[in-house]
Amino acid sequence: MHDDPPACAAPTRRPCGTCHAARAGAAMSGAAIVLVHGAWGGAWVWQRVLAPLRAAGHRVFTVSLSGTGERAHQPQDGITLQTHIDDVLAVIDCEELQRVVLVGHSYSGMVITGVADQRRDRIAQLVYLDAVVPLPGECWSSGHTEETQAQRRAMIREHGHLPPSPPQGMGLNEADFAWVERRQRPQPGGVYDSPLQFDAQAWATLPRCFIDCNRPALLTIAASRKRVREQAGWVLHEIPTGHDGMISAAPALLDILLPLANAQAAKPEPPR
């Protein structure tokens, strides 16, 4: 039984499976939006933005990555970054999605970068929500301090995964803190030092934006914040909230996502 998020619209009943999509009542001309959660999360993190996006006529797909969220019961041995990339590719391919607005939170900046590299012709817009922005050959761990790397590698050696910790420093109110804490699940350890190779020049041709949630700013995203201000081609947004902006500042996030989705929906349907 799933409990409701505090101060949130009524939860949407969703089918089981790797992704959850709303089709009934959604205009087929709406944009395809794929939302990918970060570490220790699941599809549940997006609950506060789903209804408004769907009410605007968009088709929204929330992916729970292998070994996370409601898929935490799966064996975590062998799960790597490519496994998580494959999870998202499967949604895009099986649903035959075109002109996708692809949103990745936190760790999943790694995931959506890999997806864009392998399905560049299907991606219309990349959205990095306070997310990792990698260079070719980097891992999730690459942007972390040596102290953080040592701590996390020790936890992986001990547990085989990264156990969830209380969501300190995320700028969450008391009710949201408790809601997130009880829903978090271990993050597969195999993704931490899993390198991502991709064509940086091809990736750079895609429209992309970075949403900086910096009150307070999460230290593990510091390298990416700096990078997007140095690389060409970024559209930068700032939301004065903590790292989990889809929870703590859903209306402000929607103010960014809806125009991006509406712009794609206004374009002619691509040939199949």
Side-chain angles (χ1 to χ4, degrees), residues 5-9 31 33-41 45-53 56 58 60 62 100-113 115-116 123-135 138 140 142-145 148 167-177 179-180 200 203-264:
C8 180
I33 305 171
V34 178
L35 304 173
V36 191
H37 64 85
W40 303 286
V45 305
W46 303 104
Q47 284 192 22
R48 295 183 182 177
V49 300
L50 295 183
L53 291 172
H58 303 301
V60 187
T62 57
V100 175
V101 177
L102 182 58
V103 184
H105 176 240
S106 195
Y107 151 73
S108 278
M110 299 287 300
V111 178
I112 68 169
T113 301
V115 170
I123 307 300
Q125 174 73 53
L126 291 170
V127 180
Y128 290 76
L129 174 58
D130 216 39
V132 178
V133 178
L135 296 177
E138 289 188 338
W140 177 26
S142 298
H144 298 168
T145 65
T148 297
Q168 306 284 358
M170 304 292 186
L172 299 172
N173 63 35
E174 184 177 352
D176 288 343
F177 184 101
W179 185 69
V180 170
W203 167 84
T205 65
L206 290 169
R208 62 194 187 279
C209 69
F210 185 89
I211 303 174
D212 188 355
C213 301
N214 52 26
R215 295 189 189 174
L218 192 68
L219 178 61
T220 52
I221 304 298
S224 294
R225 289 194 184 91
K226 183 174 184 292
R227 184 167 290 168
V228 300
R229 287 168 169 82
E230 295 173 345
Q231 287 181 339
W234 286 96
V235 174
L236 180 63
H237 302 274
E238 294 192 18
I239 301 178
T241 191
H243 183 59
D244 290 344
M246 62 285 186
I247 297 171
S248 59
L253 177 57
L254 287 164
D255 285 344
I256 298 169
L257 295 183
L258 279 169
L260 293 174
N262 292 341
Q264 295 306 318

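Just so you know, these numbers use all the heavy atoms, side chains as well, and skip hydrogens, waters and symmetry mates.
Without hydrogens or angle criteria, D130 side chain to S106 main chain gives no donor-acceptor distance under 3.5 Å. In this structure, the side chain of H105 engages the main chain of H243 through a donor-acceptor pair within 3.5 Å. Between the side chain of S224 and the backbone N or O of V133, at least one donor-acceptor pair lies under 3.5 Å. Side-chain atoms of T148 do not come within 3.5 Å of backbone N or O of H144 as any donor-acceptor pair. In terms of modelled atom types and a separation under 3.5 Å, the side chain of R225 and the main chain of C213 share a donor-acceptor contact. Side-chain atoms of N173 come within 3.5 Å of backbone atoms of A175 as a donor-acceptor pair (strictly under, hydrogens ignored). At distances below 3.5 Å, at least one donor-acceptor pair connects side-chain atoms of E138 with backbone N or O atoms of L135. Although no hydrogens or angles enter the test, the distance criterion places a donor-acceptor pair under 3.5 Å between the side chain of H58 and the main chain of A31.
The existence of a salt bridge linking R215 and E238 is excluded, since no basic side-chain nitrogen approaches an acidic carboxylate oxygen closer than 4.0 Å.
In this structure, F210 CZ and L129 CG are separated by 8.5 Å, a value rounded to the nearest 0.5 Å. Between the CE atom in M170 and the OG1 atom in T241 there is a gap of 11.5 Å [rounded to 0.5 Å].
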- Item | Verdict with supporting geometry, D176 and R48, salt bridge (Lys or Arg N to Asp or Glu O under 4.0 Å) | CA-CA 12 Å; D176 288 343; R48 295 183 182 177; 2.8 Å; yes
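Cation-pi check for R208 over W234 is met; the charged atom lies under 6.0 angstrom from the ring centroid and within 45 degrees of its normal.
The ring pair (Phe, Tyr, Trp, His ring centres under 6.0 Å) search around Y107 returns H84, W140, not counting sequence neighbours.
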